[in-house]
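In what follows, a single structure is set out as structure tokens and then discussed.
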Amino acid sequence: MTGTDSTTPPEANPKVRPPRRRGTGPLAFVWSSVVMGWRWLVRMRTALYLLALLGLWTLVATVVPQEPNVGQTVDDWRTGVEGPGTAVSAVLDAFGAFDVYGSPAFLATLLLLFLSLTACLVPRIRGWVRLVRHSQPPLTRNAGRQEVVARLTTDRPADEAHATAAELLRGSRWRVRTQRTAAADGLAAAGPPAQVAAEKGLWSREGGSLLFHLSFYVLLAAIVFGQLLTFEGQRAVVEGARFADTPVSYWTYQPGRWWTEDSHRGWVLDLDEFHVDWVRDPLAPGAGQPTLFRSDVRMTHADGTVEEAVVEGNRPLVVDGMKIHQLDWGYAPLVQVEVDGEVVFEDFLTATATDGGHFRAAVKAPAANPDLGLSVFFYPYAPEGDDGNPVPTGAPFADAPLVLFQMFRGDLQLGRTQQTINELDTSALDSAGGAWLREGAEVDMGDGVTIRFVELRRWVGFQMSVRPQIPYLLLASALLLGGLWPALYAYRRRLWVVAERDVTDGRTIVTVAGRAFQRPQAFDDEHAAFVRRLARELDGELVRQPAHPPAHGPAGDPDGRPVGAASAAASSAPTVTADTAPAGDEAPERR
């Protein structure tokens with residue numbers, strides 16, 4: 001009779017643990033609620049729910065405009081100028097949908113997800129480490145009752161058969177345990193017989209699964225880390241001009257939440273020259289394709305040091321941890337507008353390419369009275385025709401540059417309408433005629449207006465970015481692939497080799513038994529191959545046995561053959577025979 005079977009009262013039996021008393025009152029209720037919440041949180045199912053909720057928040061952020069990125073659009077949604085209306089916008093605002101990644105609900109979901117993943121992964125990792133350090137293949141009491149069994153006979157002694165089997169298994173990276181006799185390992189005489197026990201796939205399959213789940217942990221941490229410290233800005237720089245890394249110098253930029261003005265590196269970029277060329281032969285392969293796309297720049301660091309550098313399409317420049325990519329380019333004609341002898345506009349236009357083979361730009365001169373605007377079309381190659389007038393073409397090389405423009409007067413509506421630097425809102429302007437210009441020429445448009453095409457340069461669009469999360473994203477990808485492969489293809493299986501002396505003929509009977517916990521058909525082939533190798537090494541003879549369906553095994557395959565043990569016999573016949581008795585008689589695993 002054990003302690004738990006005792007009929008004496010619990011207080012008289014010190015081995016019996018008295019039932020835990022549950023407290024009452026508000027504190028007990030709060031404590032029990034916390035315990036229940038923690039148990040709910042540490043479930044893997046909870047982590048999946050939280051991950052789905054996080055994806056839902058991200059979906060909202062892609063549909064609803066976010067205030068840190070497009071603040072004006074969010075204001076228009078709130079005032080009802082755009083969007084679904086003020087009532088819906090108020091509801092969205094109440095749930096923090098206009099700033100999803102900074103909302104308390106999103107941050108709380110993220111925190112709970114990290115807690116859940118941590119609580120799920122730590123015990124699994126600890127258990128796997130314990131398994132790797134202390135576990136060993138279990139022994140079997142009756143090898144003939146395993147799922148896959150083959151037998152062979154040899155004249156070699158049993159100890160030599162065991163040694164040969166252990167050597168072959170170790171050479172195939174199996175974890176091997178040898179049991180010479182029951183007494184040698186301190187077991188009872190009725191314990192398992194002398195044998196070689198081997199196991200494979202336990203560490204790799206569980207380890208791969210852990211790596212796979214750990215990759216999501218690292219991936220989420222990298223995304224959060226990137227949202228806090230990342231920075232990305234764009235700016236076009238004309239040849240001969242310079243650009244400084246300051247907050248007001250970027251045309252567009254998206255800083256992370258922890259990116260401040262002091263985070264800028266403070267370097268200065270001078271674009272000395274931009275090189276671009278194409279396959280100009282119309283009959284050559286790849287005609288019209290660019291062959292050169294390079295910027296020669298001069299970098300002045302914050303400490304005053306100067307260095308020459310080159311930026312190319314697939315060769316970004318890294319300056320103080322900030323990457324400078326070359327994204328785009330275009331022509332930059334210098335246009336001067338003079339009204340009544342006063343220069344009201346003089347600047348390089350950053351004309352952008354269009355599908356028609358020309359470049360578009362705009363001139364906005366609010367200093368004129370009334371406002372003056374030019375809608376500019378730039379053709380890099382427009383040679384003169386037979387009549388002396390230019391013939392615009394779609395060729396990109398600037399051998400015969402031409403500026404075509406349409407002039408407007410009126411109200412430019414600057415600050416009241418949305419228009420980019422190369423767009424001209426003509427809704428409040430009146431057309432005042434047009435003209436064309438060659439480089440270095442000017443034209444009198446009347447009413448005291450003179451337009452000049454002074455010179456032609458090129459501009460380059462640079463993107464400056466800081467993404468500290470990239471190494472961690474790569475680490476997460478490596479963990480994902482490194483864990484997914486063994487988690488999918490590794491399978492856990494065991495082998496036992498039992499050699500016994502047959503007193504009838506004096507020969508040694510070697511039984512090779514096995515069991516696969518996953519992918520049994522793949523294990524059948526592996527088992528058969530091992531049996532053939534062992535038979536060759538021992539100069540043994542395989543014992544043919546009739547295959548029959550397993551008593552408790554799975555149903556037969558579509559061809560009518562038994563799956564598992566019988567399939568081994570079918571796949572390796574006539575060299576391998578199978579015994580299909582049910583398994584489950586392994587000796588307790590020693591730790």
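No more than 12 heavy-atom neighbours from other residues, nucleotides or ligands sit within 6.0 angstrom of CZ on Arg39. For Tyr253, the OH atom counts as loosely surrounded, since its 6.0 Å shell holds 12 or fewer non-hydrogen atoms of other residues, nucleotides or ligands. For CG of Asp502, the number of neighbouring non-hydrogen atoms (other residues, nucleotides, ligands) closer than 6.0 Å is greater than 12.
Under the 4.5 Å side-chain criterion, counting only non-hydrogen atoms from C-beta, Gln195 is in contact with Leu139. For the pair Arg151/Val512, no side-chain contact is recorded, criterion being any heavy-atom separation below 4.5 Å from C-beta on. Residues Thr46 and Val42 fail the side-chain proximity criterion, which asks for heavy atoms closer than 4.5 Å. Side-chain contact between Leu121 and Leu214: present, with at least one pair of heavy atoms (C-beta onward) separated by less than 4.5 Å.
Applying the side chain to side chain donor-acceptor pair (under 3.5 Å) test to Ser263 and every residue at least two apart in sequence or in another chain returns Thr260. Shown here are the ring-ring contact (aromatic ring centres under 6.0 Å, His included) partners of Trp259, two or more places apart in sequence or in another chain: Phe231, His264. In this structure, the ring-ring contact (aromatic ring centres under 6.0 Å, His included) partners of Trp485, at least two apart in sequence or on a different chain, are Tyr489. With sequence neighbours excluded, the residues satisfying side chain to side chain donor-acceptor pair (under 3.5 Å) with His301 are Glu307. Scanning for side chain to side chain donor-acceptor pair (under 3.5 Å) contacts around Asp155 gives Arg507, with sequence neighbours left out. Scored by the side chain to side chain donor-acceptor pair (under 3.5 Å) test, Thr58 finds no partners at all (sequence neighbours excluded).
For residues 159-171, the pairs satisfying salt bridge (charged side-chain N to carboxylate O under 4.0 Å, His left out) are Arg156-Glu160, with sequence neighbours left out. Within the structure, salt bridge (charged side-chain N to carboxylate O under 4.0 Å, His left out) pairs that include any residue of residues 201-229 comprise Arg124-Glu206 (at least two apart or interchain). Judged as a side chain to side chain donor-acceptor pair (under 3.5 Å), the pairs with a partner in residues 211-230 (not counting sequence neighbours) are, in order, Thr118-Tyr217. Pairs of residues two or more places apart, or lying in two chains, never qualify as ring-ring contact (aromatic ring centres under 6.0 Å, His included) while including a residue from residues 145-166.
Across every non-hydrogen atom of Pro486 and Gly482, the tightest pair is CD-O, 3.0 Å. When all heavy atoms of Val498 and Ala194 are compared, the pair lying nearest together is CG1-O, 3.7 Å. When all heavy atoms of Phe293 and Gln326 are compared, the pair lying nearest together is O-NE2, 3.0 Å. Residues Ala161 and Leu534 share a closest heavy-atom pair of O-CD1, 4.5 Å. Of all heavy-atom pairs between Ala166 and Thr178, the closest is CB-CG2, 4.2 Å. Nearest heavy atom pair, residue Ser209 against residue Ala487, reads N-CB, 3.9 Å.
Donor-acceptor pairing under 3.5 Å is lacking for the side chains of Thr164 and Glu537.
One distance of note links CD of Gln254 with CD of Gln66; it measures 11.5 Å at 0.5 Å rounding. Rounded to the nearest 0.5 angstrom, Trp128 CH2 and Leu202 CG are separated by 9.5 Å. Here the straight-line distance linking atom NE2 of His527 with atom CD of Glu147 works out to 11.0 Å at 0.5 Å rounding. Atom-to-atom distance recorded for Thr154:OG1 and Leu538:CG is 5.0 Å, nearest 0.5 angstrom. Summarising the geometry, atom CG belonging to Leu131 is positioned 12.0 Å from atom CZ belonging to Arg133; distances are rounded to the nearest 0.5 Å. To the nearest 0.5 Å, atoms CD1 (Ile125) and SG (Cys120) are separated by 11.0 Å.
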Q.
The test is side chain to side chain contact (heavy atoms under 4.5 Å, CB included); show your working for Trp267 and Ile324 and say whether it passes.
A. CA-CA 12 Å; Trp267 44 258; Ile324 302 177; 3.9 Å; yes
Would Leu51 and Leu220 count as a side chain to side chain contact (heavy atoms under 4.5 Å, CB included) here? Give the steps. CA-CA 10 Å; Leu51 191 62; Leu220 286 175; 4.3 Å; yes
| Which is it for Val176 and Glu199 under the side chain to side chain contact (heavy atoms under 4.5 Å, CB included) test, yes or no, and what are the steps along the way? | CA-CA 7 Å; Val176 177; Glu199 190 173 42; over 6 Å; no
Test log, rule side chain to side chain contact (heavy atoms under 4.5 Å, CB included), inputs Leu495 and Phe530: CA-CA 10 Å; Leu495 267 179; Phe530 174 75; 4.1 Å; yes
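Put simply, the side chain of Gln518 gets close to the backbone of Arg492: a donor and an acceptor are under 3.5 Å apart. The backbone N or O of Val132 lies less than 3.5 Å from no partner atom in the side chain of Ser135, so there is not a single donor-acceptor pair. In terms of modelled atom types and a separation under 3.5 Å, the side chain of Lys200 and the main chain of Leu169 share no donor-acceptor contact. A distance-only check finds no donor-acceptor pair linking the side chain of His134 to the backbone of Val129 [under 3.5 Å]. Using a distance-only test at 3.5 Å, with no hydrogens or angles considered, a donor-acceptor pair links the side chain of Trp496 to the main chain of Pro138. Checking side-chain atoms of Arg265 against main-chain N and O of Val319 turns up no donor-acceptor pair under 3.5 Å.
Of the residues listed (Val148, Val149, Asn142), the one engaging Gln146 in a side-chain contact (heavy atoms from CB on, under 4.5 Å) is Val149, and it is the only one. The side-chain contact (heavy atoms from CB on, under 4.5 Å) test with Leu152 is passed by exactly one of Thr508, Asp539, Val510, Ile509: Val510.
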Determine all donor-acceptor pairs shorter than 3.5 Å in which one atom belongs to a side chain in residues 98-116; sequence neighbours excluded.
from, atom 1, to, atom 2, distance (Å)
Asp99, OD1, Arg257, NH2, 2.4
Ser103, OG, Val100, O, 2.7
Ser103, OG, Phe106, N, 3.3
Thr109, OG1, Ala105, O, 2.8
Ser116, OG, Leu41, O, 2.7

Per-pair distances, 0.1 Å, donor-acceptor, side chain in residues 466-481, under 3.5 Å, sequence neighbours excluded:
from, atom 1, to, atom 2, distance (Å)
Arg467, NH1, Ser465, OG, 3.2
Arg467, NH2, Glu232, OE1, 2.4
Ser477, OG, Leu473, O, 2.9

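Tyr491 carries Arg493 over the face of its six-membered ring, with the cationic atom under 6.0 Å from the centre and within 45° of the normal.
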